[in-house]
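What follows is a single structure, written as structure tokens, with notes after it.
Every chain is numbered from 1, with letters handed out A, B, ... down the list of sequences.
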Amino acid sequence: MTTAETGSETRLLTTSKAMVEAIAQEMERDPSVFLMGEDVGVYGGIFSSTEGLLERFGPERIMDTPISETGFIGAAVGAAIEGMRPIAELMFVDFFGVCMDQIYNHMAKIHYESGGNLNVPMVITTAMGGGYSDGAQHSQTLYGTFAHLPGMKIVIPSNPYDAKGLMTAAIQDDNPVLYFFHKGIMGLGWMTPNPRATDHVPEAPYVVEIGKADVKRSGSDVTIVTVSLMVHRALDAAEALAKDGIDAEVLDLRSLVPLDREAIVDSVTRTGRLLVVDEDYQSFGMSGEVITTAIEGAFDYLDAPPRRLAYPDVPIPYSNPLEQFCLPNAESIAAVARELVNA
Amino acid sequence: MTTAETGSETRLLTTSKAMVEAIAQEMERDPSVFLMGEDVGVYGGIFSSTEGLLERFGPERIMDTPISETGFIGAAVGAAIEGMRPIAELMFVDFFGVCMDQIYNHMAKIHYESGGNLNVPMVITTAMGGGYSDGAQHSQTLYGTFAHLPGMKIVIPSNPYDAKGLMTAAIQDDNPVLYFFHKGIMGLGWMTPNPRATDHVPEAPYVVEIGKADVKRSGSDVTIVTVSLMVHRALDAAEALAKDGIDAEVLDLRSLVPLDREAIVDSVTRTGRLLVVDEDYQSFGMSGEVITTAIEGAFDYLDAPPRRLAYPDVPIPYSNPLEQFCLPNAESIAAVARELVNA
Amino acid sequence: MIDEDTQRELLRQMIRARVFEEAMAEVYMEGKTPAFDIAAGPVPGEMHLAAGQEPVAAGVCANLRPGDAVTATHRPHHIALAHGMDMKKMTAEIFGKETGLGHGKGGHMHLFDPETHFGCSGIVAEGMPTAVGQALAFKKQGKGNVAVAFFGEGAANQGAFHESLNLAALWKLPVIFVCEDNAWAISVPKDAATAIGNNSDRAAAYGIPGALVSDNDVTEVYETAAVALERARAGEGPSLIEVKTDRLLGHFQGDAQLYRTQEQIEELEQRDAIRRYEQALVESEVLDSAEALEIWNRARAEVEEAIEFARSSPYPAPESALTGVFA
Amino acid sequence: MIDEDTQRELLRQMIRARVFEEAMAEVYMEGKTPAFDIAAGPVPGEMHLAAGQEPVAAGVCANLRPGDAVTATHRPHHIALAHGMDMKKMTAEIFGKETGLGHGKGGHMHLFDPETHFGCSGIVAEGMPTAVGQALAFKKQGKGNVAVAFFGEGAANQGAFHESLNLAALWKLPVIFVCEDNAWAISVPKDAATAIGNNSDRAAAYGIPGALVSDNDVTEVYETAAVALERARAGEGPSLIEVKTDRLLGHFQGDAQLYRTQEQIEELEQRDAIRRYEQALVESEVLDSAEALEIWNRARAEVEEAIEFARSSPYPAPESALTGVFA
Ligand SMILES: Cc1ncc(C[n+]2csc(CCOP(=O)(O)OP(=O)(O)O)c2C)c(N)n1
Ligand SMILES: Cc1ncc(C[n+]2csc(CCOP(=O)(O)OP(=O)(O)O)c2C)c(N)n1
Ligand SMILES: [Mg+2]
Ligand SMILES: [Mg+2]
């Protein structure tokens, strides 16, 4: 599952612990790294994204903030242009609307507007995803919204190994990086258990390059392109499909900006069939972009029109049967893949 | 150019005057309509979107606001659920980041969250578009960002007739509607002259149905799908193409939500070729969605892979040669259309 | 002096809310033991209970009239109940049932009730502009109604607070801003988030009255709100009220509360405002202990009935998720 | 008492800014007559000039030291110049030239200069958090530097104002908030937007000093800023300063100003702060008329040279638009 060779000991870690380990190692290495957010201190992050950091680095470097996202994310921008490397946590990505101006009009544009004279080396970490009845304002993924707006890298790990390597890369990057973690991949004790949320992770620091997709399962009949928790669902679907003799490739994009278009085209060229699985709203988002990328690069290799299985264009309902009806899952992914292969 | 028959006298109006006329007629008809925004009173709207309304309806119904977009757009939401029909102006769509939470987490979701028990009948008007060196924070179109998020209708007129009819429809709609007007189609005396920004408009009120695309020029060789100012550029391109014997159809989507997928599929089925022209950022936006729609509905009719010509994924540069290099124009549209037809 | 009927009513409303929250705390754990899974059980998702904060809701809402509007936060039950929301429909919504206020689409943080003009939002402070707009509508409609925005002390550092107060003050709107200062925003104490001690002092930044109720006392809340509401109904504009109140439970159910000590929590329990008020009413002979018990018992029966209604109601049809985006 | 060198320097900075703005007003119209087209001429786009507001910029920035940071707004020239930005590179940026600060990518509202730690933003109030963050960095780095956020009175009703002041006060950051109250936000007068008379009174909402400079007087600005800066450098936290100043021109060039009368505009011109200060310095014999004239002449020469530099510089290569999104 991992491509990089680090030569170091590995341990079983949850995604959240792997992510925190990367932050801690970078904070050790580089005194300009610090972290701000709501409940990142004693609480350790609502989704354990900062657990243990306060104890280790103290309140000067692990700073609880008021509920002032424009204020503290904007402050991160200001600190970044003065040579710090802040990490700011937006507790749920759903809250982006209270601070989007700082994110996309400032963080993402200052480097360009300054003609390259200023860098904004910062990371925004944010939780995404639903499936546990948190309603319309706490369950969204929204990565498509950010990926549409130029100037920030968009990183979306699906497992502990990538979570650590991509976090290290994000902190070391001289550009603003949005780091989305799905609550369902963190390995939290209070979420529906997910066996893929714990895995072997090297102890030594390492980097997973931002902008490189990863084949999480290779296959020859159909390419399933997705990110984050839906990688797990796709892998489950692939297992079911294998029993039917359908050999599915699962391509984990890992980042949307930069988008590894080559990997998409390469895989589709080999399989001739594309299914995009997307937990974000269907229209005007990731699914359309990936399909268009395949059309632009592999039109002549397509054996059937690409398909998509995305979150429908409706706000996220609270009630469990409603929400589950909307979310792609292993069964629905396998069903569409079968249709595609039999088309 | 117009499809509806109203039987009333027409006059030559600019887009801005047509839009204002619709607002005035609805305000006459319905006392629950009122309008709020920055500089919508004496100033008449920075882009003349409210010109003359204060004189006619007074400060109780045409309300200048503080620079508090979250405050007054949120207040519009509150007023709407209490039976008013507010129109709120967001001066430039580029400012959405200071009030996005009210727009997408409140305005767009309350109807759904309430199980249909509450309606939020309001209109947000907003100026979009560049080409006149207003820099990275005042030149964007961003309709793709809004179209991705469910719960609000997205209306984008390209000419005076549609501007009036769509505004009337937007105000009468029981749902939240975002009404985007491109500065370059308003017919302002201080922008580069645009002959299509003035046209015959019926005096009597009429509705242009939201969700219906319009064939602004029919043709048989290639379908050019776009919105707003790019409709004008596409029509110019079509004229040039006609001289080369290429017969281009220009489809004006007029709204992105609901998206008239049938019209896209229908046109592409007839022409076999699709070019999407988009002034919004290229990736994860309108161009991918329209191409995917064609793939989903007309794959077997495609004679060549669809193409797109969009604003590249870079913040909008200030300097004229840089900005013009990025914007699609008649020449670049015609060039891609030629490649597509000759592919 | 508050009349005796009102005193009994204030007690009754606080007790109803408390009994409801305690029942929710229990129901919430159903299906989540031994291995806690937030998605499991009859009541999934986040659950923010307001035990301890009942005086704020009861004291303010007792002053409201039909047609007055209320917006609340992620912690809305006590307010919704005090404002007259139907407990059955509310409970059914929390259970995600078809018979719920939003037919299961909203949930615990999104209770919308056109009948009582009640709404809430899970985005901190962002429910406040809604109330400003409701007040604006009431003024335009000449209705004489008032809107009330409840929010936490944590919300008072969010931009929406500032914009809402300025707009309401500027336009002299009939709206009351009620800050429930429970001293905590999840794990962050007020003094680690707010540059000054009392948010009521921020009223001066908008030229409006700011009142402080300093010990979670329902009488004082009631009287303070009465003044503010009178002012609002008289067309003199908004007021800001801050009540120092207590969050007896965790931020949400399942919160281990590692950020405060067990002693701190017990201290709060010891000064429980409902018990204090009940005692005071018994002492002043507004009611006797039997009558007090009767209030508790009735509340228990009402809550049980509501939960039973919710339990026995059907879930909405899964495919109904796809409808109702647009009217 | 300000020493005489500083007095002359204050005058010089105000004059430089004024001469620059007057020259811009003229250059801006080039290529735009007879038919005004905002996209035409050597300087396209919006043009917000600050003539009348020079005392604020000069008075504050004269107190700053190397390494101190400044963020400004859509109306940034007077501040950028007072803070020491290279006039040539700034002018070239306004002309959209390769030699400009941002190689033509930023423009008049996006002047970024790492040398002087200067930045600005066209989004009202949203430049303020940047300054808070710069101050946070300075504190962490132990640099002893200060950040200054300039903003208009219109910006003081935006959420970012509130969040910035609270955060800075809470964390006792070395930052000064300077409100240029020119009484107008485009066409909206202050009293139609702000619920109270003086934004300096809003400092109390954050427990920090608020100072009012009531008549656009550079001396008073200088002295008020000095106190605030000393406080900030001493680690005692932020201050808010409000200066009642004058916007002599329209909101942007081309603004017909139908919202105010010709008389109102003339009244402002008559109380021009630069002429007043110049006169005062001549009267108190800090300089004589010839020296004053010399300052104007030098400023004219400097501005002409900067404009000549901008004019003769090449435009960036069109395809450079596609690079520089990421470092
Ligand atoms: C804009 C925003 N930021 C953060 C959150 C996450 N959050 C939910 S409740 C809460 C604490 C709120 O504190 P307070 O306003 O005091 O209300 P309380 O929970 O004490 O009732 C936070 C940070 C949110 N919902 N919205
Ligand atoms: C968030 C936001 N809303 C609206 C605008 C449009 N706008 C630009 S300047 C301005 C007026 C600003 O007034 P003030 O803050 O007093 O500054 P001044 O122009 O007087 O210098 C407005 C409304 C904007 N740029 N950003
Ligand atoms: Mg609280
Ligand atoms: Mg102003």
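Only the side chain of C:Leu170 comes within contact range of chain B, judged by heavy atoms closer than 4.5 Å. Looking at B:Phe72, both its backbone and its side chain come within 4.5 Å of chain C, counting heavy atoms on both sides. Residue contact with chain B, scored on non-hydrogen atoms closer than 4.5 Å, involves the backbone of C:Leu101 exclusively. With a 4.5 angstrom heavy-atom cutoff, C:Thr323 touches chain B only via backbone atoms. For C:Ala149, no part lies near chain B; criterion is any non-hydrogen pair under 4.5 Å. Contact of B:Met63 with chain C is made through the side chain alone, with heavy-atom distances under 4.5 Å. At a 4.5 Å heavy-atom cutoff, C:Ala135 makes no contact with chain B through either its backbone or its side chain. Residue C:Ala327 touches chain B through both its backbone and its side chain, counting heavy-atom pairs closer than 4.5 Å. Contacts between C:Asp113 and chain B at a heavy-atom distance below 4.5 Å are absent for every atom of the residue.
Residue C:Glu115 qualifies as open at atom CD: its count of foreign heavy atoms under 6.0 Å is 12 or below. No more than 12 heavy atoms of other residues, nucleotides or ligands sit less than 6.0 Å from atom CD of B:Glu262. Annotation: C:Glu230, atom CD; neighbour count of heavy atoms from other residues, nucleotides and ligands within 6.0 Å does not exceed 12.
A heavy-atom distance below 4.5 Å is not found between the side chains of C:Phe112 and B:Ile81. Contact of the C:Gln158 side chain with the B:Thr70 side chain is not registered, since no non-hydrogen atoms from C-beta on lie closer than 4.5 Å.
In terms of heavy-atom pairs under 4.5 angstrom with chain C, the leader among B:Val98, B:Val120, B:Asp101 is B:Asp101. Each of C:Gly104, C:Ala160, C:Ser121 has some count of heavy-atom pairs under 4.5 Å with chain B, and the biggest count is that of C:Ser121. Counting heavy-atom pairs under 4.5 Å between each of C:His117, C:His110, C:Glu126 and chain B puts C:Glu126 at the top. Chain B forms more heavy-atom pairs under 4.5 Å with one residue of C:Ser164, C:Gly133, C:Ala147 than with any other, namely C:Gly133. Contacts with chain C were tallied for B:Val77, B:Asp174, B:Leu118; B:Leu118 has the most, counting heavy-atom pairs under 4.5 Å.
The NZ atom of C:Lys139 sits 7.0 Å away from the CD atom of B:Glu60 when rounded to the nearest 0.5 Å. In this structure, the separation between CZ on B:Arg61 and NZ on C:Lys140 is 8.0 Å, given to the nearest 0.5 Å. For the atom pair CG of C:Asn166 and OG1 of B:Thr65, the computed distance is 10.5 Å after rounding to the nearest 0.5 Å.
Contacts of residues 104-117 of chain B with chain C at a heavy-atom distance below 4.5 Å involve B:Asn105, B:His106, B:Ile110, B:His111, B:Tyr112, B:Glu113, B:Ser114, B:Gly115, B:Asn117, listed in sequence order.
Residues C:Pro129 and B:Gly71 approach most closely at CB-O, 4.0 Å, considering heavy atoms. The shortest non-hydrogen separation linking B:Met84 to C:Gln141 is SD-NE2, 3.4 Å. For the residue pair C:Ala137 and B:Ala79, the shortest heavy atom distance occurs at CB-CA, 3.9 Å. Between C:Ala69 and B:Glu82, the closest heavy-atom pair is CB-OE2, 4.0 Å.
Sorted by first and then second residue, the pairs that involve residues 88-100 of chain C and meet salt bridge (charged side-chain N to carboxylate O under 4.0 Å, His left out), not counting sequence neighbours, are C:Lys88-C:Glu305.
Here the rule is side-chain contact (heavy atoms from CB on, under 4.5 Å) with C:Phe326, and of B:Asn119, B:Val257, B:Asp173 only B:Val257 fits it.
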